[in-house]
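Report on one structure; see the data block that follows.
Position 1 is the first residue of the sequence; numbering continues from there.
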Amino acid sequence: EDRLLERLVGLHGEERGRALWSAWEARLPEYYKSATEITRAVLDIEHLQQLGEGTDLIVALHNEHGAGELLTRVLLYKTGGRADLSAVMPVLEALGLSVVEEVPVRVARTEGGTSSDDVFVHDYGVLGPDGEALDVAIVGERVAAKITAVWHGQTESDRLDRLVILAGLTWQEVGWLRAMRTYLLR
């Protein structure tokens, strides 16, 4: 916990770092605190802090750097209840991702809050269409934007979504292709 506070203060300055630590440290479950690397905890706290008025979902991607198989982590930071695995899996699979594992984290509600104040971090370990970790510097933003757009009902999800990773298309460009396909098949 001291290392997390030190890192937050180092990144955000004394006042903001301590405020972030105070806001989230007591809310994070003990198993999370003992098993999560400091760099990842800082990333999580920064994203959790962004949730709130008008923002109910944040999607982020990063590659884990640890022992064993290198996986891309697809992280869904969500308010308003858990994300059903049956709703998320088809979206990830349509992108051509193989989901290897899910590690959900429930962040406790604030004191005096209701269960709807709970925040969830859904952490999916995935491999790309080629069976390797994604190059998140190249495809990370597009994949996150696609997942977010599907979640908010701005677009559909189907096998064409693979083009987000394989061809470097945005979710809007895939939507245009989907519309052209529908028109031509009439």
remark   = Scanning both residues in full, the closest heavy-atom pair of H12 with G17 reads CB-N, 3.9 Å
task = Apply salt bridge (Lys or Arg N to Asp or Glu O under 4.0 Å) to D123 and list each qualifying residue two or more places apart in sequence or on a separate chain.
result = R40, R73
query = What's the shortest heavy-atom distance between V91 and V150, and which atoms?
reply = CG2-CG1, 3.6 Å
task = Measure the spacing between CD1 of I58 and CD of Q49 and express it to the nearest 0.5 Å.
result = 10.0 Å
task = Check whether any side-chain heavy atom of L76 sits under 4.5 Å from a side-chain heavy atom of Y124, and report yes or no.
result = yes
ask   = Tell me, do E25 and L5 make a side-chain contact under 4.5 Å, heavy atoms counted?
value = no
Where at least one partner belongs to residues 85-98, residue pairs that pass salt bridge (charged side-chain N to carboxylate O under 4.0 Å, His left out), sequence neighbours excluded = none
ask   = If you look only at pairs with a residue in residues 78-92, which of them pass as a salt bridge (charged side-chain N to carboxylate O under 4.0 Å, His left out), with sequence neighbours excluded?
value = none
ring-ring contact (aromatic ring centres under 6.0 Å, His included) partners of residues 27-48, not counting sequence neighbours, each pair once = H47-Y77
inquiry  = Is the shortest side-chain heavy-atom distance between L70 and E132 below 4.5 Å?
reply    = no
key: I165 side chain reached by L97 side chain, heavy atoms, under 4.5 Å   = yes
query = With sequence neighbours excluded, what pairs up with S22 under the side chain to side chain donor-acceptor pair (under 3.5 Å) test?
reply = none
task = Might you work through the side chain to side chain contact (heavy atoms under 4.5 Å, CB included) test for L169 and R142, ending with a clear yes or no?
result = CA-CA 8 Å; L169 301 181; R142 287 192 310 271; over 6 Å; no
message = According to side chain to side chain donor-acceptor pair (under 3.5 Å), who are the partners of Q172, at least two apart in sequence or on a separate chain?
response = T170
ask   = What pairs of residues pass the ring-ring contact (aromatic ring centres under 6.0 Å, His included) test when at least one of them lies in residues 163-186, not counting sequence neighbours?
value = none
query = Taking it one step at a time, do L48 and R27 satisfy side chain to side chain contact (heavy atoms under 4.5 Å, CB included)?
reply = CA-CA 11 Å; L48 289 166; R27 296 178 69 185; over 6 Å; no
inquiry  = Please determine whether the number of non-hydrogen atoms from other residues, nucleotides or ligands lying under 6.0 Å from atom CD of Q154 exceeds 12.
reply    = yes
query = Closest heavy-atom contact between L4 and A41?
reply = CD1-CB, 4.0 Å
Residue list, salt bridge (Lys or Arg N to Asp or Glu O under 4.0 Å) with R18, at least two apart or on another chain = E14
note = Taken in chain and number order and not counting sequence neighbours, the residues that satisfy salt bridge (Lys or Arg N to Asp or Glu O under 4.0 Å) with R181 are D158
task = Would you list the pairs meeting salt bridge (charged side-chain N to carboxylate O under 4.0 Å, His left out) in which at least one residue belongs to residues 160-172, sequence neighbours left out?
result = K146-D161, D161-R178
Minimal non-hydrogen separation, V143 against V164, with atom names = N-CG1, 4.0 Å
task = Kindly give the heavy-atom pair with the smallest separation between L85 and P90, and that separation in Å.
result = O-CD, 4.3 Å
ask   = How would you list all residue pairs meeting ring-ring contact (aromatic ring centres under 6.0 Å, His included) that involve residues 127-165, not counting sequence neighbours?
value = none
inquiry  = Is there a side-chain contact between L95 and I147 in this structure, where contact means two heavy atoms from C-beta onward sitting under 4.5 Å apart?
reply    = yes
query = Does the pair K33/E30 count as a salt bridge with the N-to-O cut at 4.0 Å?
reply = yes
key: For L71 against G125, the heavy-atom pair lying closest together   = CD1-CA, 4.1 Å
task = Taking salt bridge (Lys or Arg N to Asp or Glu O under 4.0 Å) as the test, write out the residues that go with E15, two or more places apart.
result = none
message = Are V99 and V88 packed together at the side-chain level, in the sense that at least one heavy-atom pair is separated by less than 4.5 angstrom?
response = no
inquiry  = Set out, in order, the CA-CA distance, both residues' side-chain angles and the distance that settles side chain to side chain contact (heavy atoms under 4.5 Å, CB included) for D44 and L28, then state yes or no.
reply    = CA-CA 10 Å; D44 288 345; L28 297 169; over 6 Å; no
